[in-house]
Asks: 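What follows is a structure written as structure tokens; I'll ask about it next.
Keep in mind the model is a prediction, meaning the values are calculated, not measured. The residues of the chain are indexed from 1 along the displayed sequence. Quick note: numbers below take in every heavy atom, side chains included, and nothing from hydrogens, waters or symmetry partners.
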Amino acid sequence: MATKKSVGSLKGGDLKGKKVFVRVDLNVPLDDSLNITDDTRVRAAVPTVKYLMEHGSRVILCSHLGRPKGVTPKYSLKPLVPRLSELLGIQVDMADDCIGESVEKKVAALSDGRVLLLENVRFYKEEEKNDPEFAKKLASLADLYVNDAFGTAHRAHASTEGVTKYLKPAVAGFLMQKELDYLVGAIANPKRPFAAIVGGSKVSSKIGVIESLFEKVDILLLGGGMIFTFYKAQGYSVGSSLVEEDKLDLAKALIEKAKAKGISLLLPTDVVIADKFAADANSKVVPASSIPDGWMGLDIGPDSIKTFNESLDTTKTIIWNGPMGVFEFEKFAAGTTAIAKKLAELSGKGVTTIIGGGDSVAAVEKAGLADKMSHISTGGGASLELLEGKSLPGVLALNDA
Ligand SMILES: Nc1ncnc2c1ncn2[C@@H]1O[C@H](COP(=O)(O)OP(=O)(O)O)[C@@H](O)[C@H]1O
Ligand SMILES: O=C(OP(=O)(O)O)[C@H](O)COP(=O)(O)O
């Protein structure tokens, strides 16, 4: 993907008094009382909005929340207003719609440096359909467009892609840029040795990532549920561990490919096994090749942690996607927590550490180590697509630098 024009390249007259349509990803988890339970995405949206406020722009914020079918009160963006206002240091105004007369009035009343939050853009089915007429209506609200919604950049929707056809310049926000710098830039030109740690539940959902990383990494560490397909492919008995029978040949082929490419591919040498898939299961540590019938592997074992750590000690860049075990159960979280701790330690020694979205981010946050990493992605699906080497429609649509 070509480098995209950044909001940071706009200054003075480009921004002063201008109405700026900013697509952000405020798709945050809310509890039953509509309290935000993780405000990471709200905090991540702040630098771009503050920059625009400081340059005297009139900021129109647009986001989706959840996957509503039509207007659904529980998916209103209203609960976001207090936290946004607190973080921005001003009272953010809220519109009761995202297009139409009432919104136009609110936009006309915006003064320089102030912020208006539009109501959930997915209350219109035209958003996900990338309907051109709807995109035109969104575009008509503003003078220029900023996309800072990294978490939604893999969607070609009206507010992420369609709108750029009618609103120019269309530029990347600071969060979008940072995500691309790490998830594309740091990986394309890594300081070596470069290691990837890939875990999660299934080989099938990570195959694209593994194959794409094969072209770039020196070391590949595998963990999570997918390792049992690799074990079985090597003739080990895996008990009742998660196995994808139709991916056994693929696992064999990947092991061969790693050899041919000179990549150091490490599979865990021992595993923590359980007698059932439950938080209170009985557990023990066994060598990878000796999982008894009726038992299932739910985490990597202490020897594997030691070997993985030693291998990571030699690196200068690390990307991590997917937990090492069923970290949601305390008893099987040790492997994932150990990796999080190792990455935090290595970050402190100048190693670039990138956490590629999804459950690995949740694990790092659970371990209280989020602020230690070089970069933690705010997008699950979007980061996975980038790591697979795909281009994101929400990024492609922006003006080149
Ligand atoms: N050994 C295992 N057996 C079954 N499930 C596992 C195992 N190890 C990890 N998992 C599960 O994988 C899930 C995460 O997988 P995935 O969605 O592919 O990762 P990510 O969200 O990081 O991309 C977690 O819910 C975790 O419990
Ligand atoms: O939370 C999101 O995706 P993610 O859970 O893959 O990070 C984004 O806001 C995109 O939402 P969507 O998957 O409903 O299009």
Side-chain angles (χ1 to χ4, degrees), residues 1 3-4 23-29 38 40-45 63-64 147-157 160-161 172-190 194-217 220-224 226 317-324 327 336 339-340 343 347 352-366 369-398:
M1 269 187 299
T3 310
K4 296 298 175 178
R23 179 50 158 108
V24 283
D25 188 332
L26 301 180
N27 186 25
V28 295
D38 177 359
T40 306
R41 283 179 168 170
V42 192
R43 285 184 286 111
S63 177
H64 72 285
N147 192 349
D148 213 18
F150 174 74
T152 324
H154 57 317
R155 309 286 184 213
H157 291 173
T160 59
E161 202 267 346
F174 294 122
L175 171 65
M176 183 72 87
Q177 254 194 313
K178 183 170 183 250
E179 296 271 12
L180 296 173
D181 282 351
Y182 278 100
L183 293 167
V184 181
I187 286 173
N189 300 299
F194 174 26
I197 311 163
V198 181
S201 53
K202 294 179 175 174
V203 197
S204 49
S205 62
K206 295 291 162 75
I207 180 68
V209 173
I210 294 174
E211 291 201 317
S212 171
L213 287 170
F214 260 174
E215 304 307 317
K216 301 175 180 112
V217 297
L220 180 62
L221 310 182
L222 295 183
M226 72 172 73
T317 307
I318 305 169
I319 170 105
W320 180 21
N321 180 283
M324 295 292 98
F327 74 103
T336 303
I339 293 291
L343 265 57
S347 289
T352 302
T353 53
I354 305 163
I355 319 297
D359 276 329
S360 357
V361 173
V364 168
E365 271 162 7
K366 202 171 154 198
L369 297 169
D371 60 341
K372 301 274 191 290
M373 308 299 174
S374 308
H375 181 68
I376 295 213
S377 180
T378 56
S383 65
L384 203 63
E385 290 200 15
L386 271 189
L387 294 179
E388 286 171 354
K390 294 182 183 157
S391 297
L392 309 181
V395 178
L396 281 181
L398 301 175

Asks: With rounding to the nearest 0.5 angstrom, report the NE2 to CZ distance, H64 to R155.
Replies: 8.0 Å
Asks: Provide the closest heavy-atom pair for A153 versus M176 in the form atom of the first, atom of the second, distance.
Replies: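 Here A153 and M176 meet closest at CB-CE, 3.9 Å.
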Asks: Going by heavy atoms in the side chains, are I319 and I187 under 4.5 Å from each other?
Replies: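 Yes; the side chains approach each other to less than 4.5 Å.
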Asks: Got a second to check how far M373's CE is from I318's CD1, nearest 0.5 Å?
Replies: 9.0 Å
Asks: Find the distance between CG (L213) and CG (L220) and round it off to the nearest 0.5 Å.
Replies: 7.0 Å
Asks: Could you tell me whether the side chain of Y182 reaches within less than 4.5 Å of the side chain of I355, counting heavy atoms only?
Replies: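 The answer is no; the side chains never approach within 4.5 Å.
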Asks: Test F150 against L386 for side chain to side chain contact (heavy atoms under 4.5 Å, CB included), laying out the working first.
Replies: CA-CA 11 Å; F150 174 74; L386 271 189; 3.7 Å; yes
Asks: Taking it one step at a time, do M324 and I197 satisfy side chain to side chain contact (heavy atoms under 4.5 Å, CB included)?
Replies: CA-CA 9 Å; M324 295 292 98; I197 311 163; 3.4 Å; yes
Asks: Looking only at heavy atoms, which two atoms of G356 and S377 are closest? And how far apart?
Replies: C-CB, 4.2 Å
Asks: In terms of side-chain heavy atoms, does S374 have a donor or acceptor partner in T352 at a distance below 3.5 Å?
Replies: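 No, no side-chain donor-acceptor pair sits under 3.5 Å.
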Asks: Measuring from I354:CD1 to T317:OG1, what's the distance to the nearest 0.5 Å?
Replies: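 I354 CD1 to T317 OG1: 6.5 Å, rounded to 0.5 Å.
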Asks: Hey, what do you get for NZ (K206) to OG (S201), rounding to the nearest 0.5 Å?
Replies: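 Going from the NZ atom of K206 to the OG atom of S201 covers 6.5 Å.
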Asks: Check whether any side-chain heavy atom of D38 sits under 4.5 Å from a side-chain heavy atom of E365, and report yes or no.
Replies: yes
Asks: Report the distance from atom CG of L183 to atom NE2 of H375, rounding to the nearest 0.5 Å.
Replies: 5.0 Å
Asks: Tell me yes or no: between the side chains of E388 and S212, is some donor less than 3.5 Å from an acceptor?
Replies: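 Not at all, the side chains of E388 and S212 share no donor-acceptor pair under 3.5 Å.
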Asks: Looking at T160 and N147, what are the two nearest heavy atoms and their distance?
Replies: O-ND2, 3.7 Å
Asks: Does any part of the side chain of D359, heavy atoms only, come nearer than 4.5 Å to the side chain of T336, both counted from C-beta?
Replies: no
Asks: Using the rule given for side chain to side chain contact (heavy atoms under 4.5 Å, CB included), can you reason through I210 versus L222, listing the C-alpha separation, both sets of side-chain angles and the distance that settles it, and then say yes or no?
Replies: CA-CA 10 Å; I210 294 174; L222 295 183; 4.2 Å; yes
Asks: Dump the intermediate steps for side chain to side chain contact (heavy atoms under 4.5 Å, CB included) on L343 and L369, then the final yes or no.
Replies: CA-CA 9 Å; L343 265 57; L369 297 169; over 6 Å; no
Asks: Are any side-chain N or O atoms of E385 and backbone N or O atoms of L392, one a donor and one an acceptor, separated by less than 3.5 Å?
Replies: no
Asks: Any donor and acceptor pair, going by atom type alone, linking the side chain of K4 with main-chain N or O of L398 inside 3.5 Å?
Replies: yes
Asks: Would you check if the side chain of S347 reaches a backbone N or O of T353 as a donor-acceptor pair within less than 3.5 Å?
Replies: no
Asks: For K202, look at atom NZ and say whether over 12 heavy atoms of other residues, nucleotides or ligands are found less than 6.0 Å away.
Replies: no
Asks: State, yes or no, whether a side-chain contact exists between W320 and L221 at a heavy-atom distance under 4.5 Å.
Replies: no
Asks: Identify the heavy atoms of L26 and S63 that sit nearest to each other, and give their distance.
Replies: N-OG, 2.8 Å
Asks: Could you tell me if the side chain of R41 sits less than 4.5 Å from the side chain of L175, heavy atoms only?
Replies: no
